[in-house]
Structure formats: C-alpha cells, structure tokens
Protein chains: 2
Amino acid sequence: MRSDEPVGTARKPVTPARKKVGRPSRLSQPAIVEAAQRIVDTEGDGSLSMRRLARELSITPMALYHHVRDRDQLLRLLLETKARHQPRPTLPDAPRERLTAAAQLLYDVLAECPFLGEILTSEELMNASSRWVTEAVLEAALGCGFTLEEAVALYRAVAHYTGGELLIRLTRERHLAHLDHPPYRSQAMAALQPQTHPRLTALADRWPALTARDTHEAGLEALLDGFFRTLDRSGPPSPAPS
Amino acid sequence: MRSDEPVGTARKPVTPARKKVGRPSRLSQPAIVEAAQRIVDTEGDGSLSMRRLARELSITPMALYHHVRDRDQLLRLLLETKARHQPRPTLPDAPRERLTAAAQLLYDVLAECPFLGEILTSEELMNASSRWVTEAVLEAALGCGFTLEEAVALYRAVAHYTGGELLIRLTRERHLAHLDHPPYRSQAMAALQPQTHPRLTALADRWPALTARDTHEAGLEALLDGFFRTLDRSGPPSPAPS
DNA sequence: ACCTGAACACCGTTCAAGT
DNA sequence: ACCTGAACACCGTTCAAGT
C-alpha cells in the first residue's frame, strides 16, 4: 500500500484530488494498470496489447498514451504494482536462514508475473522487480558478513539463477498448453545417437521425470553454499593459499 | 558439420540430391536458415520476421511455410545450426576443471544467440541449445562422482543460471542501445527513500560500476562449489546427520 | 510439389484534430 | 488537458488458386 516508487510520469500523473465530484476524468494510471492486470489474469499475458486494453476500458488505444509512455512502461508498472502489494513476510533472524529466505522471496515475487519474459525484453530484472526484495537480500547478505561487493555479486547470481529458472519454466508451461504436434523435445531426444550422446540417450526416458522435479530450492542452496565457501576462506586467518 | 539432429521436417525436407542440374528448386531449408542468420547478423534479431526473411529471399512470405513449420521452428533451426558449427574445444581431463569448462561452454554457445529470448518463449533452453553441450556437462558431472540424478539437477541449475544471466544481459544491452529517455534504473534508484531502502540508497552511485562487472564465472564457480559440498557430505562415511 | 495473391485478424505508435 | 479518428508501417498465418 505505501507509495514506494515513482515509475509513473508519462507526462504528468496529476490526478488533482479529483475534479470536484462529477467525473474524475475517467482514465487514470492506476485504473489502466488494474485493467491490464485483469486481462492478464483472465486471458493470459499473451492477450495484453494496447489495443486490447483500450477495448477493455472502452476508449481509443491512443488515450492510453496520455497516462503511460509506452507498452514497456505499462509492463513495468504492472510488475511493480504486483510486487508492492505482495505480502512481506518477516524473515528469520539467523543470518544464514535469513539470506535463504530473502533469496527465496525473490523467486516468489517474480513467480507472480507471467509476463516476466516481456519485461526482461525491456529492462533488467532488478529494476523490474520490486526494490524491497533486493533490499532484503542485500541486507541479509551483509548480515552474514559479506562485503558490499560480495553482497551485490551474490544478489546478481541469485537473480540470474531465479530469472532463468522462472523464464524457462513459465514459457515451457505456456508452450505445452497450446500444442498440437508432440513436444519438440521428444523428437530431439529420440533422434540422438548413442555413440555421440551416450549419457543423454541413457537418460532419455527418465528425462521428463527428472526435469519435472522442482529443484529450485536445492540449486539455490548450492549457490548460496558456494558463496559461503568464499566467505570461510577469507574470513578466518590463512591469507588464501592460491 | 556432421548431421546430428533432425529438427527439420516441415512436411518433408526431401532435397533429392538436386533435380538434375538446372534449378534445384531455389528454396531449401538450409538456404532459409542461412538467410535468416544473415538478417540477424546485419540488422539484429529484432528484424527477423517471416516477411522480412521472404523479402531477403525474393519470395512470397508463404513460400517459407513449405520448408519450415512456423516461426518457432525457424528460430530453433537457427540456434541448432549455430551450435552445431560452434567449435568444440577439448576439455581438460581433471574432473573438476572439466565440469567447470563444460558449464562455461554452455554460456559461450548460448551467448552467440541474440534471439535467445525469443526461443525461450517457445521452448526449453536444453532443447533449444545443442545437445552436445548438455552431453558434455553431464559427462563431466558424472566424472566428478555425481549420481545421475545429481548430474541432471546440476545441469539444470547451471542452465538456469546461465540462461538468466544471458537473457538479462542481452536485453539490457539491446535496450540501452536505442534509448532516448534516461534509463529507467536511474529514476528508480534516485527515488528510493533511505529509511526504507538503506543499503540500496547507499549503493546507488556505485551500482552501475558494480553491475557492469562480469561476474558470470565467479557465480558459476560458487554454484558448482555448492554442489560439490553436497558430494563431500555424502561421499565419505557419515550417513547424513540430518 | 512448390509457389503466389489476396485476405484475416491482429500489432505499437504518430500525427492532426476536436472539446 | 484529455481524448478521438485516421493513418502508417508493420506482424504471423490460412486458404484457394495457379503451374
């Protein structure tokens, strides 16, 4: 609920406490964002076009451009609004657990945004995501004893890992949904020659089961573990052997 | 060069050793893919549309659909061709170094594909990427003593991390290229309140420098380190404490 | 079998004009 | 200031017809 970020300002958001009481000029940035969210929820993010959105609001497509610079800005607005209204759980106090929870939070927040792939096509993940999640991860990392540089590097690694996982999973699900011909993977797997791809062919029939498992948490844990190893090395004595 | 995968088959690739000598019916899947690659190289992947491609080949857009099922297949074809022709360096023999090199290879191969984001919108990274890279990572992981399950989990974590990094970096660069208004990040950063976002505001001016650094290898190393830690725990005695 | 032409159902955005 | 209408320059793809 707190008004946390600007983002808006196509020209001027204005909204001067309402005109009087009559018609508050109908259109407003929040109203647009809300309508956009409605479309995404009911028809999927593939249906969210400026024209479709205008139709939803019963206005001309061009009217939108008075409250929003372009489609990119609309998508960012959408993600930020979502992130702002996301519940903010209290994180554990123990440093290591706090960091894990904060990193997991990034996943949870971003997972709410099926149009994430489109955002990525227009800006970085960190900008797109809500700043409070970033803040939580940095804070937790510093609390673990990482330096500023290390904390930022850690944040970025977590963001890349998380973003990659989500993008791949989301698009995979979307794709499988409306598919008539058998998934491309089956064909590709079936055509592998054992002599050039021994492990893949050996794995072929178990691959679907193996990749269906949710390994996000395990991978995240490994990633954080790896960063903690560098901490252990530099933290105690021993001035780095090699 | 070796013909490694099928992928093709819109209806039938045919190409019956050439008609005789006259005109080999002009259009062919390889020719289409090559033209597409030319467009991507010279005009960027944003320009690669079926219509633009048809213009490049001086044919009707619809003629393409005789050799390629749809735009999705064309993109996959493009990535596979690229991956197939990519040099295949000999990896080090030492297991750990071999795994690191194989994982790095995934990055190198995928980095060659600016249209990667579009592929992701249509299939998984592993399918899209060349199978030989996957094979190399699995082989290296097994050589390190991981089980099949662990090796697949490791591969997936590496793929997600790599995919996320590349997607974010690629789209960031593309975006910065044609940008008139100041990047969104500056605005967003400038508007942060110190009381709610103390570390981010403290970092604000150093952020560009910190995020410009290439931290891919460090993060990858950390991720692999983390997986090796689980190995150390289960490998020697001690039947898992908790 | 391979290709064309016309059409369908869309896009994001600019520009000039209305109130 | 806020919105409309018409237009520009595109998309991917289907369908019926030509050779």
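First the proteins, then the strands, lettered A, B, ... as listed; each starts at 1.
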Counting any heavy atom closer than 4.0 Å, what does B/M50 reach on the DNA or RNA strands: base, sugar-phosphate only, or nothing? sugar-phosphate
Among A/V158, A/T162, A/L154, which one satisfies side-chain contact (heavy atoms from CB on, under 4.5 Å) with A/L223? A/V158
So that I can tick it off, tell me whether A/E56 and A/R52 are bridged by a salt bridge, with the cut-off set at under 4.0 angstrom between side-chain N and carboxylate O. yes
Which is more 5' along DNA chain D, the nucleotide nearest A/P61 or the one nearest B/R55? Just name the residue. A/P61
Pairing nucleotide - D/dA17, Watson-Crick or G-U, each distance under 3.5 Å: none
Pair partner, C/dC11 [Watson-Crick or wobble, under 3.5 Å]: none
Taking only side-chain N and O atoms of A/H67, does any of them lie within less than 4.0 angstrom of OP1 or OP2 on D/dC3? yes
Could you measure between the two C1' atoms, the one in C/dC10 and the one in D/dC8, and give it in whole Å? 15 Å
Given C/dG12, D/dT4, D/dC2, which nucleotide is nearest the side-chain atoms of A/I59? D/dT4
Quick note, B/L27 side chain, CB onward, closest among D/dG12, C/dC3, D/dC2 is C/dC3
Which of these nucleotides, C/dC3, C/dC11, D/dC11, is closest to any side-chain atom of B/R51? D/dC11
Looking at A/E118 and A/R71, is any side-chain nitrogen of the basic one under 4.0 Å from a carboxylate oxygen of the acidic one? yes
If only side-chain N and O atoms of A/T60 are considered, is one of them under 4.0 Å from the OP1 or OP2 phosphate oxygen of D/dC3? no
Euclidean distance for C1', C/dC2 against D/dA17 (whole angstrom): 13 Å
Is it the case that atom CD in A/E112 sees more than 12 heavy atoms from other parts of the structure closer than 6.0 Å? yes
Under 4.0 Å, heavy atoms only, any strand: does B/R71 hit a base, just the sugar-phosphate, or nothing? sugar-phosphate
Rounded off to whole Å, could you give me the CG-to-C1' distance for the A/L53 and C/dC10 pair? 16 Å
From CD of B/Q73 across to P of D/dG12 the rounded distance in Å is 15 Å
Within the side chain of B/T60, is there an N or O that forms a donor-acceptor pair under 3.5 Å with the backbone of B/A63? no
To the nearest angstrom, how far is B/Y65 atom OH from D/dA16 atom P? 17 Å
Rounded interatomic separation in angstrom, taking CG from B/D70 and P from D/dC11: 17 Å
Taken to the nearest whole Å, CD1/A/I32 to C1'/C/dG12 is 15 Å
What integer distance in Å separates A/L64:CG from C/dT14:P? 13 Å
Whole Å only: how far is the CE atom of A/M62 from the P atom of C/dA17? 16 Å
Between CD of B/E118 and C1' of D/dG12 the distance, given in whole Å, is 12 Å
